[in-house]
Engineer: 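Structure provided below as structure tokens; questions to follow.
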Amino acid sequence: MMVQEPGWEFGLDTGVSTPTLAMSATGSLVTTGSQDLGFNVSSETRCSRQDRVPVSVLGHWGSNRGQRDEHPLLALQHLYQHHLVWSIQGWTRPAPLSFQRNQQCEAQQMRGTSIPAAAAAPQHDDGDDDDAIPATFSRDVPRWFLCLLAHFLSATNTTTTTSSTTTGTSSSTRMDVLWTIPPLLLLLLWSSSTFVFYFKKCFYVAWMMCLAVLAIPLCLLKSGGRDVENMRVIRSLVRHVKHLLGLRFEVSGWEHLQTKGPYVIISNHQSSLDVLGLMEVLPDRCTMIAKKELIYAGTVGITCWLGGIVFINRKKTSDAKSVMAEAAKTMLDDQIRLWVFPEGTRNQRGDLLPFKKGAFHLAVAAQAPIIPIVFSSYSNFYLRKEKQFNSGTIRLKILPKIDTKGMTTEDVASLLDKSFNLMRSAFLEVSDSVPQSNGTRCH
Ligand SMILES: CCCCCCCCCCCCCCCC(=O)SCCNC(=O)CCNC(=O)[C@H](O)C(C)(C)COP(=O)(O)OP(=O)(O)OC[C@H]1O[C@@H](n2cnc3c(N)ncnc32)[C@H](O)[C@@H]1OP(=O)(O)O
Ligand SMILES: CCCCCCCC/C=C\CCCCCCCC(=O)OC[C@@H](O)COP(=O)(O)O
């Protein structure tokens with residue numbers, strides 16, 4: 001249900017007396033849990049201290065609790081009770097909000113959908129009445145944070161206005177602005193989980209790119225070119241990245257990786273973060289099958305090529321099949337292990353996607369065993385839609401090998417089914433028992 005409900009105002013107490021603080025209050029209401037409440041409140045405005053920001057409430061109340069037809073304001077009230085946070089330009093901290101009915105639209109609203117009494121009347125926050133919408137939310141965006149932001153904005157403003165007249169003043173205010181950036185960054189990291197989400201993602205990609213710059217000469221020195229042995233270099237360079245992102249791995253079933261000779265590892269694929277878990281358990285002489293687009297990922301692409309990664313064109317099955325048939329031969333000739341993501345794409349839907357057949361054809365062609373590895377669900381610390389990237393624990397479960405000796409292409413379908421069922425139940429099991437995220441503050 002989409003409901004447009006104009007004429008409600010959020011009073012936004014900025015806590016800052018400067019009239020220069022301009023805010024674009026475009027945001028969405030999100031819960032700290034993982035429910036998709038699908039409720040948006042948006043407004044673009046400039047405001048100063050205690051301005052009332054006119055917003056239109058646009059939303060659909062899509063929880064799975066049978067409340068679809070609920071009035072959006074009642075839904076909003078409900079959300080408040082569930083500790084939702086108000087996000088302004090991506091800062092997801094509870095902001096001091098107050099609620100007031102816009103007189104101009106009163107008539108319009110009376111004609112439209114009925115408005116629940118609790119939401120319609122301005123309320124007073126007595127601090128312990130959880131059933132009403134409080135008039136002012138006391139879980140403030142810290143005042144000093146807003147002061148610093150205001151300082152930053154006014155310093156930027158001063159720089160623009162003074163730079164044309166006095167060079168000295170301009171450079172000192174520029175220094176002022178520069179000095180404001182690190183604490184501002186820290187404060188944003190502290191106060192906004194959305195900012196943390198983007199920051200960590202950008203940091204991850206940038207850091208991996210930098211590590212790859214280091215990896216390229218090291219790989220060339222080690223092997224003189226493309227060689228699976230370069231994966232040792234890559235593995236040791238990537239191992240520490242988990243600490244920087246606040247991630248922890250709990251690995252079980254190490255003994256199943258003690259298999260000699262070539263084998264095919266299959267695992268579920270949730271995100272590019274899988275690389276961290278992969279490097280945690282990567283056996284010697286093991287490389288991966290990857291989509292060919294990865295080779296164009298700058299320094300990371302070059303490193304992947306140097307590590308002997310086999311690139312396939314997923315859009316051309318015949319090409320992919322012949323590359324994988326070649327890989328089966330190389331596995332045997334060079335005693336190599338291959339890691340395949342049989343889902344064929346990233347998937348974070350809380351279950352496994354149906355498997356593609358390539359990995360099983362590969363194992364049968366090389367008569368090599370399959371070792372399934374399951375990564376627990378990332379949903380307890382990483383939510384792409386909700387822009388959450390907290391610290392967390394990932395369970396990696398290495399399952400016993402599945403032999404393929406004597407199998408032919410006829411057996412591929414049953415081999416796939418067997419592997420899928422084993423991995424699916426292991427995935428549900430490890431995801432169920434995985435500890436919850438350490439919270440938004442522990443990044
Ligand atoms: C220092 C720091 C630096 C940075 C450090 C970087 C670290 C370095 C980490 C890298 C980490 C990489 C991570 C990448 C992760 C991905 O790139 S995931 C995406 C790429 N991977 C895959 O797609 C693998 C899985 N896909 C497959 O196996 C698919 O089967 C294929 C081969 C692509 C074909 O796909 P499809 O045509 O869509 O579907 P599918 O139904 O499976 O096959 C169609 C037909 O072909 C047949 N077929 C399929 N495969 C074969 C085969 N091999 N032989 C014979 N017949 C076959 C099937 O039997 C089927 O025929 P029918 O049985 O139905 O008659
Ligand atoms: C053309 C660009 C390819 C994307 C690579 C972006 C560069 C990322 C840089 C640093 C991250 C470090 C490790 C990267 C390895 C991630 C490989 C990956 O996760 O590829 C996605 C692929 O499994 C499935 O792709 P789709 O889900 O079908 O889409």
Side-chain angles (χ1 to χ4, degrees), residues 200-219 228 230-242 245 264-280 282 286-329 331 338-349 353-366 370 375 378 384 408-417 419-420:
K200 277 176 129 177
K201 278 193 85 157
C202 293
F203 171 80
Y204 175 56
V205 172
W207 191 245
M208 293 295 262
M209 292 282 188
C210 293
L211 289 174
V213 170
L214 202 62
I216 294 167
L218 291 175
C219 288
V228 68
N230 288 332
M231 272 298 164
R232 286 173 189 265
V233 175
I234 299 169
R235 186 176 60 189
S236 52
L237 282 172
V238 172
R239 277 278 177 93
H240 69 283
V241 179
K242 60 173 186 264
L245 297 176
V264 175
I265 294 179
I266 53 172
S267 75
N268 53 323
H269 192 16
Q270 297 177 71
S271 140
S272 60
L273 291 173
D274 293 345
V275 171
L276 304 181
L278 180 152
M279 292 300 168
E280 200 68 15
L282 189 74
C286 184
T287 189
M288 300 98 215
I289 303 265
K291 61 176 183 182
K292 75 167 177 36
E293 290 84 351
L294 194 59
I295 206 167
Y296 305 115
T299 52
V300 166
I302 299 171
T303 309
C304 288
W305 183 82
L306 286 169
I309 287 183
V310 178
F311 296 101
I312 56 166
N313 183 351
R314 291 181 296 182
K315 288 175 201 125
K316 276 196 172 170
T317 306
S318 56
D319 278 11
K321 274 159 67 172
S322 66
V323 169
M324 286 177 87
E326 191 61 36
K329 272 209 265 152
M331 274 179 82
L338 276 175
W339 189 306
V340 189
F341 293 95
E343 290 171 286
T345 187
R346 283 164 292 179
N347 155 48
Q348 230 193 311
R349 273 156 255 172
L353 289 179
F355 286 174
K356 303 278 185 182
K357 293 180 175 157
F360 309 95
H361 276 290
L362 181 69
V364 167
I370 291 175
F375 290 65
Y378 292 176
R384 212 178 291 160
T408 65
T409 45
E410 305 288 297
D411 302 306
V412 163
S414 59
L415 181 62
L416 182 151
D417 283 345
S419 311
F420 180 85

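Atoms within each ligand, like the ligands themselves, are counted from 1 in listed order.
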Engineer: With atoms numbered from 1 as shown, which atoms in ligand 1 lie under 4.0 angstrom from a non-hydrogen atom of Arg314?
Structural biologist: 19 (C), 20 (C), 23 (O)
Engineer: Phe375: what forms a ring-ring contact (aromatic ring centres under 6.0 Å, His included) with it, not counting sequence neighbours?
Structural biologist: none
Engineer: Nearest protein heavy atom to atom 65 (O) of ligand 1, by residue and atom, and its distance?
Structural biologist: Lys357 NZ, 4.8 Å
Engineer: Judging by distance only, is a nitrogen or oxygen of His361 under 3.5 angstrom from one on ligand 1?
Structural biologist: yes
Engineer: What protein heavy atom is closest to atom 5 (C) of ligand 1, reported as residue, atom name and distance in Å?
Structural biologist: Ile234 CG2, 3.8 Å
Engineer: Could you tell me which atoms of ligand 1, counted from 1 in the order shown, lie closer than 4.0 angstrom to a heavy atom of Ile309?
Structural biologist: 8 (C), 10 (C)
Engineer: Quick one: are Leu211 and Trp207 in side-chain contact, heavy atoms under 4.5 Å?
Structural biologist: yes
Engineer: Check each N or O atom of ligand 2 against all protein N or O atoms and list the pairs under 3.5 Å, with atom names and distances to 0.1 Å, one per line.
Structural biologist:
| residue | atom | partner | partner atom | Å |
| --- | --- | --- | --- | --- |
| ligand 2 | 23 (O) | His269 | NE2 | 2.5 |
| ligand 2 | 25 (O) | Lys291 | NZ | 2.9 |
| ligand 2 | 27 (O) | Thr345 | OG1 | 3.0 |
| ligand 2 | 27 (O) | Arg346 | N | 3.0 |
| ligand 2 | 27 (O) | Arg346 | NE | 2.7 |
| ligand 2 | 27 (O) | Arg346 | NH2 | 3.3 |
| ligand 2 | 28 (O) | Arg314 | NH1 | 2.9 |
| ligand 2 | 28 (O) | Arg314 | NH2 | 3.2 |
| ligand 2 | 28 (O) | Thr345 | OG1 | 2.6 |
| ligand 2 | 29 (O) | Lys291 | NZ | 3.2 |
| ligand 2 | 29 (O) | Arg346 | NH2 | 2.7 |

Engineer: How far is atom 51 (C) of ligand 1 from its nearest protein heavy atom, and which residue and atom is that?
Structural biologist: Lys321 CG, 3.2 Å
Engineer: With a 4.5 Å heavy-atom cut-off, do Tyr204 and Leu273 have their side chains touching?
Structural biologist: yes
Engineer: Considering only the protein, which heavy-atom contact is closest to atom 2 (C) of ligand 1, and what is its distance?
Structural biologist: Val238 CG2, 3.6 Å
Engineer: If the cut-off is 4.0 Å to any non-hydrogen atom of Lys291, which atoms of ligand 1 fall inside it?
Structural biologist: 16 (C), 17 (O), 20 (C)
Engineer: Below 4.5 Å, heavy atoms only, C-beta onward: do Phe311 and Ile309 meet side chain to side chain?
Structural biologist: yes
Engineer: Look at atom 21 (N) of ligand 1 and say which protein heavy atom is nearest, naming residue and atom and giving the distance to 0.1 Å.
Structural biologist: Ile312 CD1, 4.0 Å
Engineer: Going by heavy-atom distance to atom 28 (O) of ligand 1, choose the closest among Gly358, Ala320, Gly301.
Structural biologist: Gly358
Engineer: Nearest 0.5 Å, what's the OG-CE distance between Ser236 and Met279?
Structural biologist: 9.5 Å
Engineer: Among the heavy atoms of Met279, does any lie under 4.0 Å from an atom of ligand 1?
Structural biologist: yes
Engineer: Check whether any side-chain heavy atom of Ile312 sits under 4.5 Å from a side-chain heavy atom of Lys292, and report yes or no.
Structural biologist: no
Engineer: Nearest protein heavy atom to atom 19 (C) of ligand 1, by residue and atom, and its distance?
Structural biologist: Gly344 O, 3.4 Å
Engineer: If we set the cut-off at 4.0 Å for heavy atoms, which region of Asp274 has an atom near ligand 1: side chain, backbone, both, or neither?
Structural biologist: neither
Engineer: Would you say Asp319's side chain and Lys316's backbone share a donor-acceptor pair under 3.5 angstrom?
Structural biologist: no
Engineer: Would you say that Thr303 contacts Ile234 through its side chain, given a criterion of any heavy-atom pair below 4.5 Å between the two side chains?
Structural biologist: yes
Engineer: Given the rule in the side chain to side chain contact (heavy atoms under 4.5 Å, CB included) test, do Val310 and Glu326 qualify, once you have shown the distances and angles that lead to the verdict?
Structural biologist: CA-CA 10 Å; Val310 178; Glu326 191 61 36; over 6 Å; no
Engineer: Considering distance alone, does some N or O of His269 sit under 3.5 Å from an N or O of ligand 1?
Structural biologist: no
Engineer: Heavy-atom contacts under 4.0 Å between Leu362 and ligand 1: side chain, backbone, both, or neither?
Structural biologist: neither
Engineer: Answer with yes or no whether the side chains of Trp339 and Ser267 bring together a donor and an acceptor at under 3.5 Å.
Structural biologist: yes
Engineer: Given side chain to side chain contact (heavy atoms under 4.5 Å, CB included), test Leu362 with Met331 step by step and report yes or no.
Structural biologist: CA-CA 9 Å; Leu362 181 69; Met331 274 179 82; 4.1 Å; yes
Engineer: May I ask you to identify the nearest protein heavy atom to atom 6 (C) of ligand 1, giving residue, atom name and distance to one decimal place in Å?
Structural biologist: Cys304 SG, 3.9 Å
Engineer: Check whether any N or O atom of Thr317, backbone or side chain, sits under 3.5 Å from an N or O atom of ligand 1, and answer yes or no.
Structural biologist: yes
Engineer: With sequence neighbours excluded, tell me which residues meet side chain to side chain contact (heavy atoms under 4.5 Å, CB included) with His269.
Structural biologist: Asp274, Phe341, Glu343, Arg346
Engineer: Quick one: list whatever passes side chain to side chain contact (heavy atoms under 4.5 Å, CB included) with Phe420, sequence neighbours left out.
Structural biologist: Leu352, Phe355, Arg424
Engineer: Examine Ala325 against ligand 1 and note whether any of their N/O atoms are separated by less than 3.5 Å.
Structural biologist: no
Engineer: Please check if a non-hydrogen protein atom sits closer than 4.0 Å to atom 59 (O) of ligand 1.
Structural biologist: yes
Engineer: Check whether any side-chain heavy atom of Arg235 lies under 4.5 Å from a side-chain heavy atom of Glu280, and answer yes or no.
Structural biologist: no
Engineer: Can you list the steps and then say if Val238 with Met208 is a side chain to side chain contact (heavy atoms under 4.5 Å, CB included)?
Structural biologist: CA-CA 8 Å; Val238 172; Met208 293 295 262; 4.0 Å; yes
Engineer: Does the side chain of Leu353 reach to within under 4.5 Å of the side chain of Asn268, using non-hydrogen atoms?
Structural biologist: no
Engineer: Counting non-hydrogen protein atoms only, what is the nearest one to atom 14 (C) of ligand 1? Give residue, atom name and distance.
Structural biologist: Ala290 CB, 3.5 Å
Engineer: Are the side chains of Ile265 and Val340 in contact, using a 4.5 Å heavy-atom criterion?
Structural biologist: no
Engineer: Does any N or O of ligand 1 fall below 3.5 Å from an N or O anywhere on Lys356, backbone included?
Structural biologist: yes
Engineer: Measure from atom 25 (C) of ligand 1 to every heavy atom in Trp207, Phe360, Phe341 and give the option owning the shortest one.
Structural biologist: Phe341
Engineer: Short list, please: which atoms of ligand 1 are under 4.0 Å from a heavy atom of Val340?
Structural biologist: 24 (C)
